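Read the structure below first, then the notes.
The chains referred to below are lettered A, B, ... by the order of the sequence lines, with proteins before strands, and numbering in each begins at 1. Quantities reported herein were computed from a predicted structural model and do not represent experimental measurements.
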There are 2 protein chains.
Amino acid sequence: MSTTLDVEKLLRGASLRVTRPRVAALTAVYEHPHADTESIIGAVRENFGEVSHQAVYDVLRALTTAGLVRRIQPSGSVARYESRVGDNHHHVVCRSCGVVADVDCAVGTTPCLTASDDHDFAIDEAEVTYWGLCPDCSTALGS
Amino acid sequence: MSTTLDVEKLLRGASLRVTRPRVAALTAVYEHPHADTESIIGAVRENFGEVSHQAVYDVLRALTTAGLVRRIQPSGSVARYESRVGDNHHHVVCRSCGVVADVDCAVGTTPCLTASDDHDFAIDEAEVTYWGLCPDCSTALGS
DNA sequence: CCATTTTCTTGAATCAGTCAAGAATCCAGC
DNA sequence: GCTGGATTCTTGACTGATTCAAGAAAATGG
């Protein structure tokens, strides 16, 4: 778990000013991986008191731009954020409840990054989303 | 290119009623791959006269559910539709202009479908999105 | 401690997509 | 061909995530 000081260092390291909303939001992302914006706003308010939702949106965008958090948004879902960045990992998403779990890349270090025909695009990332049912929904829905 | 009759057969084959808005929408998806809902509404109105946007939303959902079209929605984009279904292909998305192109799967018939740790999810699909810059944006932005 | 710049608050706006109720349409069966 | 019943379309309002804008507050360098 990251302490407040660690979070401060991360922010300064990214040339970002250290403010309460930022510390709180970044901490919340670390503590609640794959949380949506609304949940993060809730977590921030629990730990640090009232903060405007706009501030959290701004902070999350700044953190994403700085590369301190990653934003993911599976089809039909709202934006979610996670602190695991820099490694090449992917996600499994439950079609029923929308829960997200991490999946390490199955094919080496720069996996799947070779498209069969790249149409002359300059590709810099291959994002893999696995779709299915989580164990709970599987049990609830299946036989 | 599909004729009206072909489209009719597709609809009947999927046990869907054949209505003008449906024929028009399905035709539009065939003629404009990766078009967003707004564009499809526009195309439908050009070919068949006024249709409510609600009807197009309903039709696209019905077609998607029936498996006649596929809905894709890259992060930060609105929903887009394509008629290529059933084959396992993926997409390249331009980070700058949002244009989408098809990419055949690089790794065989059920590609990338093997997650390194599936967290006991019952996975039924692996969706790959390649991110980068299209040739045009590459030229416009890069040196 | 001050000035400058960035960030936060407040409040309104946008936009894709959805909900709901009634009118129109499709199609199976006569 | 008509008719009944179910599905689909029209109209119009609404939701909810996200963004815009302007001024107040706070953080950092000097």
Worksheet item: Nearest nucleotide by nearest heavy atom, which residue falls closer to the 5' end of DNA chain C, Ser77(B) or Val18(B)?
Response: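 The 5'-side residue here is Ser77(B).
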Discussion item. Whether the Glu82(B) and His32(B) side chains hold a donor-acceptor pair (N or O, under 3.5 Å, no angle test) is what I'd like checked.
Written reply: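 Short answer, no.
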Worksheet item: Charged N to carboxylate O below 4.0 Å: is that the case for Glu125(A) and Arg70(A)?
Response: yes
Worksheet, complete the sentence: For Ser39(B), the side-chain hydrogen bond (donor to acceptor under 3.5 Å, both in side chains) test, sequence neighbours excluded, returns Asp36(B)
Ignoring backbone atoms, test whether [X] places a side-chain nitrogen or oxygen under 4.0 Å from the OP1 or OP2 oxygen of [N].
X: Thr19(B); N: dC9(D); value: yes
X: Arg17(A); N: dT5(C); value: no
X: Thr37(A); N: dT18(D); value: yes
X: Arg12(A); N: dT28(D); value: yes

Looking across every strand, which nucleic acid part, if any, lies under 4.0 Å from [X] by heavy atom: base, sugar-phosphate, or nothing?
X: Ala79(A); result: sugar-phosphate
X: Arg20(A); result: nothing
X: Ser52(A); result: base

Take the protein atom [atom1] of [X] and the nucleotide atom [atom2] of [N], then report the distance between them rounded to whole Å.
X: Ile41(A); N: dG16(D); atom1: CD1; atom2: C1'; answer: 12 Å
X: Leu11(B); N: dC27(C); atom1: CG; atom2: C1'; answer: 14 Å
X: Tyr57(A); N: dC20(D); atom1: OH; atom2: P; answer: 13 Å
X: Gln73(A); N: dT18(D); atom1: CD; atom2: P; answer: 6 Å
X: Asp58(A); N: dA22(D); atom1: CG; atom2: P; answer: 15 Å
X: Arg61(B); N: dT7(D); atom1: CZ; atom2: C1'; answer: 14 Å

Discussion item. In the structure I gave you, are the side-chain heavy atoms of Arg22(B) and Arg17(B) within less than 4.5 Å of one another anywhere?
Written reply: yes
Discussion item. Among dT9(C), dA20(C), dG17(C), which nucleotide has an atom closest to any side-chain atom of Gln54(B)?
Written reply: dA20(C)
